[in-house]
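As C-alpha cells, the structure follows; a few thoughts come after it.
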Number of protein chains: 4
Amino acid sequence: MIIALDFQSDVPVYLQLRHQIVIGIAENKLQLGESLPTTRQLAKDAGINPMTVSKAYQVLKAEGYITMDRRHGAKVSQEIRNNGFDTLKESFKLLIAEAKIKGISYESIQSYLKSMYEQ
Amino acid sequence: MIIALDFQSDVPVYLQLRHQIVIGIAENKLQLGESLPTTRQLAKDAGINPMTVSKAYQVLKAEGYITMDRRHGAKVSQEIRNNGFDTLKESFKLLIAEAKIKGISYESIQSYLKSMYEQ
Amino acid sequence: MIIALDFQSDVPVYLQLRHQIVIGIAENKLQLGESLPTTRQLAKDAGINPMTVSKAYQVLKAEGYITMDRRHGAKVSQEIRNNGFDTLKESFKLLIAEAKIKGISYESIQSYLKSMYEQ
Amino acid sequence: MIIALDFQSDVPVYLQLRHQIVIGIAENKLQLGESLPTTRQLAKDAGINPMTVSKAYQVLKAEGYITMDRRHGAKVSQEIRNNGFDTLKESFKLLIAEAKIKGISYESIQSYLKSMYEQ
DNA sequence: GTGGTCTAGACCACG
DNA sequence: GTGGTCTAGACCACC
C-alpha cells in the first residue's frame, strides 16, 4: 500500500490520506481486519507530521472505516457501517452534473462506473 | 432557481453557490445563455455578502460555466468548455470506492446516474 | 478599417477601440491626417454606445494620436507627439519578463519584433 | 526584493504586486524555488491589506508562477508552465505599434530587449 | 504560524 | 446600475 501525497494540492493532506485508504479498502489492497501502520510509522514513511496521520485516522474511525484501540493500533473494520446512499448522493449529483455539462456521454460514465465497481 | 445554503457546512459558501449553479445548469433549471442574478441581488436574496457571490461567479467564469459581460451582467455560457473526463475520474473513483465499501449495489448507483441524466 | 470587439474580454471596450485604432495607424491602414468615422457612425457600426466611442476618442486625443474639432470631426494627427520611450518601457519590461520566464528565446522575440516593425 | 506601489495608478494594487514579482523572477531577483514573504508580512511591509496580497498570490498561482504549500507558504515554482508565445503576441503587437508611431527606432527597442534578456 | 473565508461598507471604472 | 477593488478586522482549517 503506497501513499502518494501532493503537497501542492488544495485537498488537505489528512484528507488525501483518508481518501487513499478508502480507495485501498475498496480495491482490496487493504483487507477487512488488516492492521494499518502506526501513526508514527506512516508519518515517517510519508514525510508528514504524525498529527496529520492521526487526524486522518480519527476521521476514518468516525466514519466507521477503521477501528482504533491502544492495544491493537488501527485496523480496517471487520464490518463497515452502512450509512446508506443518501450521504453520497449529493456528491454524485454534483459530479454527474459536471460530467453532463461537459458533454460526457451517459454511456462513457456508465462504463467507467462499471469498471471501477468490478475491480 | 432557489439557492439553499448551509452555513454550518464545511464547504465554503462561495463553493456551495458554485455547486448549486452547476447542478442548476445540468438540470436545465438554468438554460444556456440565461442571465444570472446580479451579484448584489443574489447576495441580498441569499443573505450573504456581495463579495462572496462575486467569488462564486469568478470561479464559474474561470471554469467556463458562465461569462461576464460589462453590459449585461453574468450569463450561463452558450458553449461550455469541455475539459474531458479525466479531471473528474479521480473524484468518481473515490466516490465509487465509498459506495462499494458501504455495500451499495452497482445497480442502485447506475439507476441514480440514469435518473440524473434523463432530467 | 474593421473594428473587432470582444465583449467577453476583460479589456474595456473603449480601450479595445483605442488599441485597434493605434494598431491601424501603425500598420498604415489609417493614414496620417485621415478622417475617422463620427462617434455616432462608429458606435452604430460596432453596436456600442456612442459614449464609449467618445471616450476612446478622448483618450486618443489626450495621447496625441488624433485631433478633434467640431468642424472637421476626428482625424489622425499629422504629427504624432513623441513622448519618448520611457512611457513604454515599463510595459515592455513586464512583457519581456513574462516571455523570458516562459522560456521564449531571445531570438524568437527579436524576429517577431522585427517582423512587426517592418510591416 | 523591494516592492514599490503607486496608489495613484489605474493599475490595481494586486496587479502591480503581481507584475513586480513576475519582473523579479525574470531578473533573477527571485530564484526558482525561493520562498516569498507570507501574505501578512508582505502586506505589512507594503502597507496594504493582507487580502490584497492574497489576491496577487492567487493570480500568480493560477498562472503557474508560484506554488502555495500549506506547510511552507508561497514559493516561486521550480518549473514555470509554458503557455507559448501566442498569448503574448497581441500585447507585443500593440506596444510595438505605439513605439513605431512615436518614431522610436527598431534599434532602440532591440537594444532594450537585449539588455533585459542579459540580466 | 500559515493561508482561506467572510463580513460590512466604501469607492471607482465601465457602459 | 453593473462588477471590480480595497480596507479593517474577524474567525477558521491546516500543519
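Letters A, B, ... mirror the listed sequences (proteins, then strands); counts begin at 1.
B/Leu17 has its CG atom 15 Å from the C1' atom of E/dT7, to the nearest Å.
Here C/Ser35 contributes atom OG and C/Leu30 contributes atom CG; the two are 10.5 Å apart, rounded to the nearest 0.5 Å. Separating the NZ atom in B/Lys75 from the CD atom in B/Gln31 is a distance of 13.5 Å, to the nearest 0.5 Å. Rounding to the nearest 0.5 angstrom, the gap separating the CD1 atom in A/Ile48 from the CG atom in A/Leu42 is 6.0 Å.
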Query raised in the report: Where along nucleotides 1-6 of chain E does protein come under 4.0 Å, by heavy atom, of base (B) or sugar-phosphate alone (S), with - for untouched nucleotides?
Result: -BBSSB
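Stems are defined here as 3 or more consecutive Watson-Crick or G-U wobble pairs with pairing distances under 3.5 Å; those involving DNA chain F are E:1-14 with F:1-14.
For C/Asp6, the salt bridge (charged side-chain N to carboxylate O under 4.0 Å, His left out) criterion is met by no residue, not counting sequence neighbours.
Within the cation-pi definition used here (under 6.0 Å to the ring centroid, within 45° of the axis), A/Lys55 does not qualify as a partner of A/Tyr57.
Counting heavy atoms of neighbouring residues, nucleotides and ligands inside a 6.0 Å radius, atom NZ of B/Lys44 does not exceed 12 of them.
Under a 4.0 Å N-O distance rule, the pair B/Glu98/A/Arg18 qualifies as a salt bridge.
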**Report entry** Intermediate values then yes/no, side-chain contact (heavy atoms from CB on, under 4.5 Å), C/Ile21 and C/Tyr65
**Finding:** CA-CA 9 Å; C/Ile21 289 170; C/Tyr65 287 112; over 6 Å; no
